[in-house]
Undergrad: 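Before anything else, here's the structure in question.
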Amino acid sequence: MGEFNMEDMPLPALFELAQKIHLTATESGDVEQEVVRKGCKALEKCDEMISKLGLFSTNETKEDISTTNLKYLLVPYYLGELTEKVAQDDRIQILKASQAKLKEFISFCEAMELVPEEELQTSAPDGPNSLVDRRALKIARFKRQRAAESKLLEIKERKERRGRSTKAAALSTPIEAGEEDVLDDDGEEEREAWFTTISLAVCKAFDLLEMLKKEEEMLQAFKERQSKDGNKEFYQDVLDDRAKRAEAWHRDAAARVQYTRPAEPITCATFAQDVLEGRASVSQMHDHKHQPLIFGPASLVGGNPTSERERMAAQVFQPSHRLPTMSIEEAGLKEMEIMNTWQERNVKLMEEANSAWYKESRKPGPPEEDDEDDDAAQDKARAWDDWKDDNPRGAGNKKLTPCG
């Protein structure tokens with residue numbers, strides 16, 4: 001919609017256009033400045049038309065405002081948010097204009113009794129301003145914002161379900177005369193939705209107002225520093241300081257490299273904890289022996305109990321499980337030692353197996369002795385065959401068989 005047609009647009013259409021631009025600008029951070037300025041112009045025109053028409057009065061309450069006009073309460077809030085997104089050289093003026101619109105929105109909502117009581121107490125000059133109070137206020141504000149968002153989502157889903165059921169009923173049964181008002185009578189729901197939207201906007205307005213105040217204070221301090229020291233001198237001092245620190249760091253690092261060598265990695269967790277807490281130094285790594293943790297009274301831990309009473313007192317609050325007797329590093333070294341011993345033993349066995357005495361054949365004995373051994377073996381075999389012929393297998397168990 002061009003600028004020349006904005007003057008002829010009615011208030012509802014102009015507000016709808018500005019609302020769409022505001023939604024686009026808040027959801028996407030890279031919106032064009034032309035669109036933002038167009039939205040600001042539309043909202044300013046809406047604000048001007050609302051003032052001319054006299055839609056709101058400070059003598060009214062929120063119950064006196066019609067449902068159709070409730071949405072126009074959000075015009076200052078939308079204008080404050082869009083103004084903050086305008087890119088301009090003089091950022092402080094933009095922040096002041098945005099804060100003015102947000103304060104106008106909050107003050108009018110306060111007159112309509114739409115601002116929570118705890119927000120009013122905190123914003124008062126003599127209100128609580130401690131860190132605990134501000135934290136509690138932020139938590140309560142965040143909870144209200146979440147509740148308002150959930151309620152708006154619930155209303156939206158309820159309207160969609162009712163719209164689908166109404167459409168289905170209209171397709172199945174024709175609507176009689178006079179039933180249109182019954183089907184479209186959602187004024188209370190719309191009023192509730194706008195009040196919830198305004199409550200959500202109040203929470204966001206307070207958060208945005210605090211952020212803009214902090215940004216304005218920072219820019220003011222920076223501007224005062226610039227005016228005091230001068231732009232060129234200020235930037236030059238910053239650059240010189242950074243250059244000096246970088247040169248000093250590199251010079252010290254180069255000097256340290258010549259005389260230092262990287263320390264060996266510490267593999268024992270207990271020794272690393274001792275080094276961090278100052279009970280040992282890195283140079284003592286090879287002399288370090290892991291000691292099991294001792295539980296008990298602080299006065300007796302680390303000491304040598306001399307009496308039975310002290311020994312029993314030192315055992316108070318002992319763990320129910322067995323404590324480790326060595327560290328992970330010592331266990332690894334022990335396993336390595338066992339593995340080396342096993343490998344050496346296997347190598348020795350392989351050498352013995354491949355030695356000359358293992359491969360030597362049996363030396364032949366005298367021929368007479370061999371003949372005697374062969375005759376004795378033959379006689380033994382013949383005697384065993386004769387015994388097996390006389391005593392067949394199972395011959396001694398005939399009495400145990402059924403037919404024996």
Undergrad: Just so I know, are the side chains of K71 and T197 near enough to count as touching, which here means a heavy-atom distance under 4.5 Å?
TA: no

Undergrad: Got a second to check how far E189's CD is from I155's CD1, nearest 0.5 Å?
TA: 6.0 Å

Undergrad: State, with a plain yes or no, whether a side-chain heavy atom of R144 is found less than 4.5 Å away from one of P116.
TA: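 Yes - at least one pair of side-chain heavy atoms lies under 4.5 Å apart.
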
Undergrad: Are T24 and V35 side-chain neighbours, meaning at least one heavy-atom pair lies under 4.5 Å?
TA: no

Undergrad: Let me see the working for R191 and E63 under side chain to side chain contact (heavy atoms under 4.5 Å, CB included), right down to the final yes or no.
TA: CA-CA 10 Å; R191 189 176 184 86; E63 304 300 334; 4.2 Å; yes

Undergrad: Just by distance, do the side chain of Q33 and the backbone of A87 share a donor-acceptor pair under 3.5 Å?
TA: yes

Undergrad: Within a strict 4.5 Å, meaning less than it, do heavy atoms of the V202 and I106 side chains meet?
TA: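 No. Closest side-chain heavy atoms not under 4.5 Å.
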
Undergrad: Just wondering, do R164 and R161 contact through their side chains at under 4.5 Å, heavy atoms?
TA: yes

Undergrad: Between R91 and E216, is there a side-chain N and carboxylate O pair less than 4.0 Å apart?
TA: no

Undergrad: Mind checking what makes side chain to side chain contact (heavy atoms under 4.5 Å, CB included) contact with D90, not counting sequence neighbours?
TA: Q88, I92, Q93

Undergrad: Check step by step if side chain to side chain contact (heavy atoms under 4.5 Å, CB included) holds for L208 and Q99.
TA: CA-CA 9 Å; L208 183 58; Q99 290 182 61; over 6 Å; no

Undergrad: Could you check whether E154 pairs with R158 (Lys NZ or Arg NE/NH1/NH2 to Asp/Glu carboxylate O, under 4.0 Å)?
TA: yes

Undergrad: Can a salt bridge be assigned to the pair D241 and R245 using a cut-off of 4.0 Å between side-chain N and carboxylate O?
TA: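 Between R245 and D241 there is a salt bridge, with a charged N closer than 4.0 Å to a carboxylate O.
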
Undergrad: Between V86 and C40, which heavy-atom pair has the shortest distance, and what is it?
TA: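 Closest heavy-atom pair between V86 and C40: CG2-SG, 4.0 Å.
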
Undergrad: With the threshold set at 4.0 Å, does a side-chain nitrogen-carboxylate oxygen contact exist between K52 and E48?
TA: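 Answer for the salt bridge query: yes.
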
Undergrad: For a quick test of reading the model, state the closest non-hydrogen atom pair linking L70 to I198 and the distance between them.
TA: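 Nearest pair, atom of L70 first, then I198: O-CD1, 3.9 Å.
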
Undergrad: Please report the closest heavy-atom contact between K85 and A25, naming both atoms and the distance.
TA: CE-O, 3.7 Å

Undergrad: Report yes if some heavy atom in the side chain of L74 is under 4.5 Å from a heavy atom in the side chain of W194; otherwise report no.
TA: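 SC-SC contact between L74 and W194 confirmed.
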
Undergrad: Taking the side chain from D64 and the backbone from E60, do they hold a donor-acceptor pair closer than 3.5 Å?
TA: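 Judged by distance alone, no pair lies under 3.5 Å.
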
Undergrad: Do any N or O atoms from the side chain of T26 and from the backbone of L23 form a donor-acceptor pair under 3.5 angstrom?
TA: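 Checked: pair present.
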
Undergrad: Would you compute the distance between atom CZ of R37 and atom CD of E44 and round it to the nearest 0.5 angstrom?
TA: 11.0 Å

Undergrad: Is the shortest distance from a Lys or Arg side-chain nitrogen in E81 or K204 to a carboxylate oxygen in the other one below 4.0 Å?
TA: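 Here E81 does not pair with K204 in a salt bridge, since their nearest N and O are not under 4.0 Å apart.
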
Undergrad: With salt bridge (Lys or Arg N to Asp or Glu O under 4.0 Å) as the test, would you mind laying out the steps for K213 and E210 before giving the verdict?
TA: CA-CA 5 Å; K213 286 181 180 179; E210 291 179 2; over 6 Å; no

Undergrad: Would you please name every residue forming a side chain to side chain contact (heavy atoms under 4.5 Å, CB included) with R146, sequence neighbours left out?
TA: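 Expected list: F142, E149.
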
Undergrad: Once rounded to the nearest 0.5 Å, what's the spacing between atom CD of Q19 and atom OH of Y78?
TA: 4.5 Å

Undergrad: If you compare all heavy atoms of D47 against all heavy atoms of E104, which two are closest, and at what distance to 0.1 Å?
TA: OD2-OE2, 4.3 Å

Undergrad: For side chain to side chain contact (heavy atoms under 4.5 Å, CB included), just list the numbers for V115 and F206, CA-CA rounded to whole Å, side-chain angles, deciding distance to a tenth of an Å, and then say yes or no.
TA: CA-CA 10 Å; V115 181; F206 274 109; 4.0 Å; yes

Undergrad: Which atom names give the shortest non-hydrogen contact between T83 and A97, and what distance separates them?
TA: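 It is CG2-CB, 4.0 Å.
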
Undergrad: Can you find a pair of side-chain heavy atoms, one from K159 and one from R162, that are under 4.5 Å apart?
TA: yes

Undergrad: May I ask you to decide if I65's main-chain N or O and N69's side chain share a donor-acceptor pair within less than 3.5 Å?
TA: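 No; judged by distance alone, with no hydrogens or angles, the pair does not exist.
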
Undergrad: To the nearest 0.5 Å, how far apart are CG in L219 and CG in L212?
TA: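 Nearest 0.5 Å value for the CG-CG distance: 10.5 Å.
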
Undergrad: Given side chains that start at C-beta, do those of K348 and E344 come closer than 4.5 Å, heavy atoms only?
TA: no

Undergrad: Ion pair present between E330 and K334, side-chain N to carboxylate O less than 4.0 angstrom?
TA: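 The answer is no: the pair does not qualify as a salt bridge.
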
Undergrad: Name the orientation class of the two ring planes belonging to F15 and Y72 (parallel below 30°, tilted from 30 to 60°, perpendicular beyond 60°).
TA: perpendicular

Undergrad: Show the numbers, then the answer: is there a salt bridge (Lys or Arg N to Asp or Glu O under 4.0 Å) between E16 and K20?
TA: CA-CA 6 Å; E16 185 177 358; K20 289 181 180 178; 3.8 Å; yes

Undergrad: Evaluate the side chain to side chain contact (heavy atoms under 4.5 Å, CB included) criterion for residues M112 and F108: first the C-alpha distance (whole Å), next the side-chain angles of each, then the deciding distance (0.1 Å), finally the verdict.
TA: CA-CA 6 Å; M112 295 291 109; F108 193 79; 3.8 Å; yes

Undergrad: Do side-chain atoms of S98 reach the backbone of I94 as a donor and acceptor pair under 3.5 angstrom?
TA: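 No, the answer is negative, given that no donor and acceptor are paired below the 3.5 Å cut-off.
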
Undergrad: With rounding to the nearest 0.5 Å, note down the distance linking CG in L349 to CG in N354.
TA: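 Reported value, rounded in 0.5 Å steps: 11.0 Å.
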
Undergrad: How close do L200 and L152 get, counting heavy atoms only, and between which atoms?
TA: CD2-CD1, 4.0 Å

Undergrad: Atom CG in L11, atom OG1 in T68: separation rounded to 0.5 Å?
TA: 11.5 Å

Undergrad: Is it the case that over 12 heavy atoms from other parts of the model lie below 6.0 angstrom from the CD atom of E34?
TA: no

Undergrad: Keeping N340 on the side-chain end and M336 on the backbone end, is there a donor-acceptor pair under 3.5 Å?
TA: yes

